[in-house]
Amino acid sequence: MATTGSEEKIISTACNTHCGGSCVLRVHVKDGVVKHIETDNGEEPQYRACLRCRAYRQRLYHPDRLLYPLKRVGERGEGKFRQVSWDEALDTVAGELKRVKETYGNAAILLRGSGGDIGWLHGWRCVDILLSMYGGYSQSWASSSYEGGNFATAATYGSFQTRHSRDDLLHSKLIIMWGWDPANSIMDTNTPWVIARCREAGIATICVDPRHNASAAALSDQWVPIRPGTDAAMLVAMAHVMITENLVEKAFIDKYTYGFDKYRDYVLGKDDGQPKTPAWAESITGVPATTIADLARRYATTKPAALIGGIAAGRTAYGEQYHRAAMALAAMTGNIGIHGGDPAGRNWTGLLGFPFMRLGRGMYGGPNPVEQNLPPRPYSLTTRGFHAPGHIHIAKIADAILKGKAGGYHADIKFFYTVNTNYLNQHLNINKIIQALKKVEFFVTHEQFMTASAKYADVVLPSCTFMERNEITTGEGFPNFGYMKKVVGPLGESKSHLDICIALAKKLGIEHYSDLPEEEWLREIAKPSVIPNFDEFKEKGFYRVPLKEPYVAFQKEIADPEHNPFPTPSGKIEFYSQRLEDMKHPQITGVPKYIEPWEGPNDPLAKKYPLQLVGSHSKVRALSQFHNVPWLRELVQQAVHINSIDARARGIRDGDMVRVFNDRGEVIIPAKVTERIIPGVADLPQGAWYDPDEQGRDRGGCPNVLTKDEVSPGGANVTNTTLVQVEKVID
Ligand SMILES: Nc1nc2c(c(=O)[nH]1)N[C@H]1C(S)=C(S)[C@@H](COP(=O)(O)OP(=O)(O)OC[C@H]3O[C@@H](n4cnc5c(=O)[nH]c(N)nc54)[C@H](O)[C@@H]3O)O[C@H]1N2
Ligand SMILES: Nc1nc2c(c(=O)[nH]1)N[C@H]1C(S)=C(S)[C@@H](COP(=O)(O)OP(=O)(O)OC[C@H]3O[C@@H](n4cnc5c(=O)[nH]c(N)nc54)[C@H](O)[C@@H]3O)O[C@H]1N2
Ligand SMILES: [Mo]
């Protein structure tokens, strides 16, 4: 290529690749090509990017990037495609949409969209608007990450805005990281840095986790190992200690809460004859009774204290009960609405986590007629917000496709549309999903790479990366708006989600799909926000909302409860929920309870499959993204982590190839033998790319070959409830 001799420019943009970050990237561009990516070096506090974004150049220019529309030529799943023009690709998609709509009705069209690059304009909402304008579609519901937390937080507080800004942790005296690994699983840019400062200031930190994770190693004083899926039992037993030792904040409970007596009766065993003592919990959780009692006393007597309820423990069978039991403890200790406390709500509040972080709605296509005409979903409290509509749980899509109306679903699904999701790789029970993807009449996806899911598509529409379009995002734990500025491209013939949908709308004859150009939509979106100057925001790549002091959730509800009731039916924090009791579901209980999980340590199936499998999020990936980036692949080898006791009993040494299996599938992968996970538990980090051999055994190391597509009654997506066996491979 001839050099133009042009100057290297540095473009400031933001990144939020489904991690809650909104970090600042300073992208060096010369002759329209990204040469180098560095991060924030400006004013404090800096929003410094993680290793994934610094390696983004290898994702952007990856030789496997999909740069042209593709149409399937081989069998579904075979991965054989031919390059076609946009015209041909979109004519095919529009033609199939029309056929399915006319033959079966709009409810036969199902859309699943996920995070992608978390933002306001691009993403699955572009398709949601399009399909709503086309007569509607069946929407899938539930957050992959924290639906148990949604259910529990809505029941207890009536609001999802349970987040303090992370710098408020500096006001705590004790931080309990419950199933939360912010040193690894980034949810916002600077949390590990804040916790490191907390430790320098002498604030105590404790991790409760089956794994001695990165945060236990780098950020905490004590590690309390626990069996996965049993957390509610430990939290209930901590309540027992607080109640029997008079450690509860009675005045707080009387003034701000509802139904404590009923919870106390459950904890003391007045309902069922079983006092939920630490000894009772020890046999369930594997945590010594003395450790449980000590932690209860410490949390109750160290004021203020922040119990951070991680969402991984909520991605288990009855995960919603865990979240409710955590919130109950926060209320019993009066740690709500005050600096240094934390309501222990679901630990990911989403884009609108802070009340002052509002953005405009931007594009809108009206309500979705298919969902509007259905009765409300049962067992749901999420009647507002993003996850409100929808009748097919994201983990039940395969089941719905396979069974349809005959299986009790509202429709027979014929057309599957996915955006920003590697559906097959990231959802429960891959072998069942494969059957479903073979059955649908048409499957279209927007993709950047030929993922395991895209291999099953009939048409693949190439979407560009966030570096190739303009977008607005917000930070998760800090009040930060990010302007994701276009840096290059789009590469090849790839397009933004919005441009794909604009072109598809034309083919479908939909008028006024988008009446404004991209930047004008972003201006509209920013208009009602606190961002004072859009052009400056755009230029700089971020706007940090200045706060006089760290933000505290429910401050006004606690300071002036008369005028600021909690948005629950009682106006108070609810230990007991009449709404849940009225659902009349045996496992949806008025007060939080420990319910023995399926595929837990006491399931009879544990005789055959004795190890509990979790799938932690990886520091070198964001979900399944970045798995194919060579710089990152060099850092961590995908392996199943097991304790040396379990390894020895199976004759397995570190690095040996092992089979991880159950009745649903089999993964063949090296073993990582370690003391950093408790005996009886295995960790196969999620997001590795499914790669079946000729016998259908996965050689890539994807845990969803093994997970069960069961949904918790409150909607929790149970990625961490799976029993497996591990055996050495004898060749
Ligand atoms: N680097 C990186 N960051 C990410 C992501 C990523 O893929 N990579 N993904 C992003 C997304 S979408 C999300 S939802 C979040 C996920 O954030 P989290 O859900 O918090 O992340 P995980 O790593 O799955 O789990 C955190 C810890 O919970 C523990 N754990 C698992 N099961 C249990 C249990 O039953 N009880 C207890 N007490 N602990 C348990 C795990 O061992 C792990 O140490 O992270 C976000 N950030
Ligand atoms: N076993 C197990 N399974 C899990 C979890 C677990 O803990 N254990 N975690 C669950 C959680 S918390 C989540 S959030 C889900 C996530 O599940 P997904 O959201 O399905 O996972 P991603 O890997 O992020 O898939 C995004 C896909 O969209 C494509 N894509 C297309 N266009 C774009 C774009 O514009 N931007 C971006 N960034 N990507 C685009 C990417 O190439 C990628 O293939 O996985 C869940 N699955
Ligand atoms: Mo997630």
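Residues: numbered from 1 along the sequence shown. Both ligands and their constituent atoms are indexed starting at 1 by order of listing. Just so you know, these numbers use all the heavy atoms, side chains as well, and skip hydrogens, waters and symmetry mates.
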Q: Decide side chain to side chain donor-acceptor pair (under 3.5 Å) for D231 and W178; before the verdict, give the C-alpha distance in whole Å, the side-chain angles of both, and the deciding distance to 0.1 Å.
A: CA-CA 9 Å; D231 302 82; W178 202 295; 2.7 Å; yes

Q: Check step by step if side chain to side chain donor-acceptor pair (under 3.5 Å) holds for N422 and S624.
A: CA-CA 7 Å; N422 186 354; S624 74; 3.0 Å; yes

Q: Evaluate the side chain to side chain donor-acceptor pair (under 3.5 Å) criterion for residues T418 and T445: first the C-alpha distance (whole Å), next the side-chain angles of each, then the deciding distance (0.1 Å), finally the verdict.
A: CA-CA 5 Å; T418 66; T445 188; 2.8 Å; yes

Q.
I'd like to know whether E596 forms a salt bridge (Lys or Arg N to Asp or Glu O under 4.0 Å) with R227, so could you lay out the CA-CA distance, the side-chain angles of the two residues, the decisive distance to 0.1 Å, and finally the verdict.
A. CA-CA 12 Å; E596 182 83 45; R227 289 184 189 131; over 6 Å; no

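Note: an N/O pair closer than 3.5 Å links S185 and ligand 1 by distance alone. In terms of polar-atom proximity, V614 is not counted as a contact of ligand 1, lacking any N or O under 3.5 Å from an N or O of the ligand. Polar contact with ligand 1: absent for I311 (N/O pair, distance under 3.5 Å). For a threshold of 3.5 Å applied to N or O pairs, the pair formed by S144 and ligand 2 contains no separation below that value. Looking at ligand 1, you won't find any N or O of A313 less than 3.5 Å from one of its N or O atoms.
Using a non-hydrogen distance threshold of 4.0 Å, R112 does not register as a contact of ligand 2. In this structure, R469 has a heavy atom closer than 4.0 Å to ligand 2. Under the 4.0 angstrom criterion for non-hydrogen atoms, R227 is not in contact with ligand 1. Residue contact annotation: H122 has no non-hydrogen atom under 4.0 Å from ligand 2. Ligand 1 has no atom lying under 4.0 Å from any heavy atom of Q625. Using a non-hydrogen distance threshold of 4.0 Å, Y146 does not register as a contact of ligand 1. For C464, the closest heavy-atom approach to ligand 2 falls below 4.0 Å. Residue S618 places a heavy atom less than 4.0 Å from ligand 1.
For atom 25 (O) of ligand 1, the nearest non-hydrogen atom of the protein is A312 CB, 3.2 Å. Nearest protein heavy-atom contact of atom 35 (O) of ligand 1 is G229 N, 2.9 Å. Protein heavy atom at the shortest distance from atom 33 (C) of ligand 2 is N420 OD1, 2.9 Å. Closest protein heavy atom to atom 13 (C) of ligand 1: W348 CZ3, 3.4 Å. Among all non-hydrogen protein atoms, the one lying nearest atom 32 (N) of ligand 2 is S463 OG, 2.8 Å. Of the protein's heavy atoms, R621 O, 2.7 Å lies nearest to atom 8 (N) of ligand 1. Annotation: atom 26 (C) of ligand 1 to nearest protein heavy atom, G179 O, 3.5 Å. If you check which protein heavy atom lies closest to atom 7 (O) of ligand 1, you get L623 N, 2.8 Å. For atom 36 (N) of ligand 1, the closest non-hydrogen atom of the protein is D231 OD1, 2.8 Å. For atom 46 (C) of ligand 1, the nearest protein heavy atom (residue, atom name, distance) is I186 O, 3.1 Å.
Between the side chain of R621 and the main chain of Q686, a donor-acceptor pair closer than 3.5 Å is present. Side-chain N or O atoms of T316 include none that pairs as donor or acceptor with a backbone N or O of P228 at under 3.5 Å.
Only the side chain of I226 comes within contact range of ligand 1, with a heavy atom under 4.0 Å; no backbone atom does. Both the backbone and the side chain of T421 come within contact range of ligand 2, each with a heavy atom under 4.0 Å. Within the 4.0 Å heavy-atom criterion, both parts of H18, backbone and side chain, lie near ligand 1. Heavy atoms of Q686 found under 4.0 angstrom from ligand 2 belong exclusively to the side chain. Residue S624 touches ligand 2 through backbone and side chain together, judged by heavy-atom distances below 4.0 Å. Heavy atoms of R59 found under 4.0 angstrom from ligand 2 belong exclusively to the side chain.
For the pair R163 and E476, the salt-bridge criterion is met [side-chain N within less than 4.0 Å of a carboxylate O]. Look at E710 and K432 and you find no salt bridge, because none of the NZ, NE, NH1 or NH2 atoms lies under 4.0 Å from a carboxylate O. Taking a cutoff of 4.0 Å between a charged side-chain nitrogen and a carboxylate oxygen, K593 and E320 do not qualify as a salt bridge.
Close contacts between ligand 1 and T316 involve ligand atoms 35 (O) [criterion: under 4.0 Å to a heavy atom]. Of all atoms in ligand 1, numbered sequentially from 1 with element shown, those under 4.0 Å from a heavy atom of R52 are 1 (N), 2 (C), 3 (N). Interface atoms of ligand 1 facing R315, defined by a heavy-atom separation under 4.0 Å, are 19 (O), 24 (O). Short contacts between ligand 1 and W178, defined as distances under 4.0 Å to a heavy atom of the residue, involve ligand atoms 38 (N). Residue-ligand proximity, N213 to ligand 1, at heavy-atom distances under 4.0 Å covers atoms 44 (O). Per-residue contacts place S145 under 4.0 angstrom from the following atoms of ligand 1 (heavy atoms of the residue considered): 14 (S).
Across the listed options V419, N422, N720, N422 owns the non-hydrogen atom lying nearest to atom 27 (C) of ligand 2. When P182, P228, P210 are ranked by how near their heavy atoms come to atom 40 (C) of ligand 1, first place goes to P210. For atom 29 (C) of ligand 1, the choice among N184, T17, D209 with the nearest heavy atom turns out to be D209. Residue nearest to atom 41 (C) of ligand 2, selected from E447, H427, H627: E447 (by heavy-atom distance). Of the candidates K619, H641, H617, it is H617 that places a heavy atom closest to atom 16 (C) of ligand 1. Around atom 37 (C) of ligand 2, the closest heavy atom drawn from D117, I500, T722 belongs to D117.
The cationic group of R59 lies under 6.0 Å from the six-membered ring centre of F626 and within 45° of the ring axis, placing it in a cation-pi geometry. F160 carries R346 over the face of its six-membered ring, with the cationic atom under 6.0 Å from the centre and within 45° of the normal.
A side-chain donor from one of D683 and S616 sits under 3.5 Å from a side-chain acceptor of the other.
Contact check for V660 versus I669: side-chain heavy atoms found under the 4.5 Å cut-off. Inter-residue side-chain proximity for E675 and N643 is flagged as met; some heavy-atom pair is nearer than 4.5 Å.
Side-chain rings of Y322 and Y594 stay apart, their centers remaining 6.0 Å or farther from each other. Annotation: Y417 is not in aromatic contact with F443 [ring centroid separation under 6.0 Å not met]. Between W86 and Y68, a ring centre-to-centre spacing not shorter than 6.0 Å is recorded.
Partner of M177 under the side chain to side chain contact (heavy atoms under 4.5 Å, CB included) criterion, out of L307, I206, V208, L219: L219 alone.
Between W348 and Y146, the ring planes are tilted. Angles from 30° to 60° get that label.
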